[in-house]
Structures are given as C-alpha cells and as structure tokens.
Asker: 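Sending over a structure as structure tokens; questions will come in a sec.
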Amino acid sequence: FVVIDGATLLSGSLNWTHAAVERGNENLVVSQHPALCAEFTQEFRRLWQLFSEKSGPSTAPVGRFSGEVAVLFFPEPSMTNVQMILEELESARRSIEIAVFTLTLDLLVNALIKKHEAGLRVRIITDNRQAEVPGADAARLSKSGLEVRVDRSWYAMHHKFAVVDQKTIVNGSFNWTAQATKGNQEDAIIFRNYSTLDLPSG
C-alpha cells in the first residue's frame with residue numbers, strides 16, 4: 001500500500017512488477033477516504049517500528065468499522081479480523097462472488113459451502129497453480145457443487161476480493177489462508193454498500 005500526503009491511499013492486490021502490471025489479474029483501489037488514510041498511516045508506523053532495530057508490535061490491531069468501512073490488518077492471531085470477513089459472508093442473502101489467489105482457510109470456505117447449500121449463488125475464481133497446493137480448497141468447493149473456475153495462463157490470478165449481494169466488497173492483499181491470518185503482514189478493507197461510494201462510471 002501507499003499513503004500520499006496523508007490524504008490519498010493506494011491499496012489492493014497489485015505488486016509493483018512488470019508481470020503484475022502487464023499480465024497479471026490484479027486490482028488497485030485509489031481512495032481519499034480520511035479514515036482509511038489514517039488507518040494505513042498508522043499501520044505503516046507499526047511496520048516501520050517492527051522492522052527497526054527496536055522491534056515494535058508484531059501483530060496488527062483488531063479492526064473496527066468507521067461508518068460503512070472497516071480496515072483489517074494482519075497478522076491478527078485472535079482471528080477477530082477474519083471473523084469480521086466471515087460475518088460479511090454469512091450476511092449474504094442472494095450471492096457471493098470471489099476472486100482470491102489462494103484459498104485454504106477452511107473457516108471461510110466452509111461458510112461458502114453453507115451459503116451454497118442454503119440456495120445462494122456462490123461463484124469462485126482462483127489461481128490455477130494455487131488451486132493445486134496442499135490444503136487448497138478449490139477442488140472441495142467444486143465437488144460441493146459451487147461454481148469454480150481457475151485461470152489458464154502462466155500469469156497470476158492475483159486478486160483477493162469478494163463481492164457480497166453486489167453491495168459489499170472485501171478487498172486487499174489478504175489471501176484466505178492461515179498463514180496470511182496469523183503470520184503475514186496483510187490488509188483487507190470491507191466496503192459496505194459500495195454503490196454509495198464515489199466511483200467512476202464505465
């Protein structure tokens with residue numbers, strides 16, 4: 001992520017590489033939401049201290065909503081931040097659409113299966129190579145009757161987002177894995193009622 005002048009935030013799945021920019025499936029969100037900029041500035045300070053000689057807090061704080069937006073950072077071993085993502089999935093009434101690079105976190109995957117069994121349309125896109133790693137849930141999701149597709153290119157399907165009922169977005173660098181939850185430095189933002197956000201048309 002990048003925070004510019006404390007007023008503009010760049011965040012999402014995009015790595016700063018030629019492959020990501022030119023061939024990968026990625027996203028980058030540009031936001032001037034004051035609360036988002038403040039939260040990411042604070043996270044940068046945590047990381048700056050963590051990676052200094054005088055190591056700072058190794059785990060991220062518990063997330064919270066500010067209006068319709070929540071910022072989640074990882075690692076967060078209590079699983080509270082993952083629980084916030086789970087609650088958004090469990091709130092779905094019509095549909096869930098997901099594009100996530102790596103899917104191995106059973107807590108979230110089981111919620112998808114339950115929603116499918118309840119009659120919702122649940123569609124998943126994941127990376128073809130990551131779908132074959134030990135513990136990957138793409139095959140289990142498909143066998144459970146969910147609609148699953150994997151990319152067929154040499155390049156990464158590197159998105160990490162979910163759309164719930166076509167009105168709530170969960171997006172960031174966070175893969176749906178135990179390692180991302182409890183070990184990696186990651187982020188995710190929940191945007192509820194994203195149709196009310198100031199988004200460009202077309």
Asker: Please list, chain by chain and in numerical order, all residues satisfying side chain to side chain donor-acceptor pair (under 3.5 Å) with Thr41, sequence neighbours excluded.
Answerer: none
Asker: When you check the gap from the basic side-chain N to the acidic O, do Lys160 and Glu186 get nearer than 4.0 Å?
Answerer: no
Asker: Between Ser66 (side chain) and Val69 (backbone), is there a donor-acceptor pair under 3.5 Å?
Answerer: no
Asker: Taking 4.0 angstrom as the limit, do Arg46 and Glu43 come out as a salt bridge?
Answerer: yes
Asker: Would you mind checking if Lys114 and Glu90 are paired as a salt bridge, meaning a charged N to carboxylate O distance below 4.0 Å?
Answerer: no
Asker: Do side-chain atoms of Ser144 reach the backbone of Leu146 as a donor and acceptor pair under 3.5 angstrom?
Answerer: no
Asker: Which pairs pass side chain to side chain donor-acceptor pair (under 3.5 Å) with one or both residues in residues 95-107, sequence neighbours excluded?
Answerer: Glu97-Arg123, Thr102-Gln130, Asp106-Arg140
Asker: Give a yes or no answer on whether the side chain of Asn81 reaches the backbone of Gly63 with a donor-acceptor pair at less than 3.5 Å.
Answerer: yes
Asker: Students often mix this up, so state it plainly: with edges at 30° and 60°, are the rings of Phe161 and His159 parallel, tilted or perpendicular?
Answerer: perpendicular
Asker: Using the rule side-chain contact (heavy atoms from CB on, under 4.5 Å), only one of Ile169, Val170, Asn171, Leu36 pairs with Ile189; which is it?
Answerer: Leu36
Asker: Answer with yes or no whether the side chains of Asp151 and Ser153 bring together a donor and an acceptor at under 3.5 Å.
Answerer: yes
Asker: Is it true that a side-chain atom of Lys115 and a backbone atom of Ala92 form a donor plus acceptor pair closer than 3.5 Å?
Answerer: yes
Asker: Return yes if some donor-acceptor pair links the side-chain N/O of Ser52 with the main-chain N/O of Gln49 below 3.5 Å, else return no.
Answerer: yes
Asker: Quick one: does any side-chain atom of Arg94 pair with a main-chain N or O of Asp165 as donor and acceptor, under 3.5 Å?
Answerer: yes
Asker: Check whether more than 12 heavy atoms from other residues, nucleotides or ligands sit under 6.0 Å from atom CZ of Arg129, and answer yes or no.
Answerer: yes
Asker: For a side-chain contact (heavy atoms from CB on, under 4.5 Å) with His158, tell me which candidate from Asn15, Asp127, Asn27 qualifies.
Answerer: Asn15
Asker: Please verify the inter-ring angle class for Phe1 with Phe73; under 30° counts as parallel, over 60° as perpendicular, anything in between as tilted.
Answerer: tilted
Asker: Does the Ser173 side chain pair with the main chain of Asp187, one donor and one acceptor, at a distance under 3.5 Å?
Answerer: yes
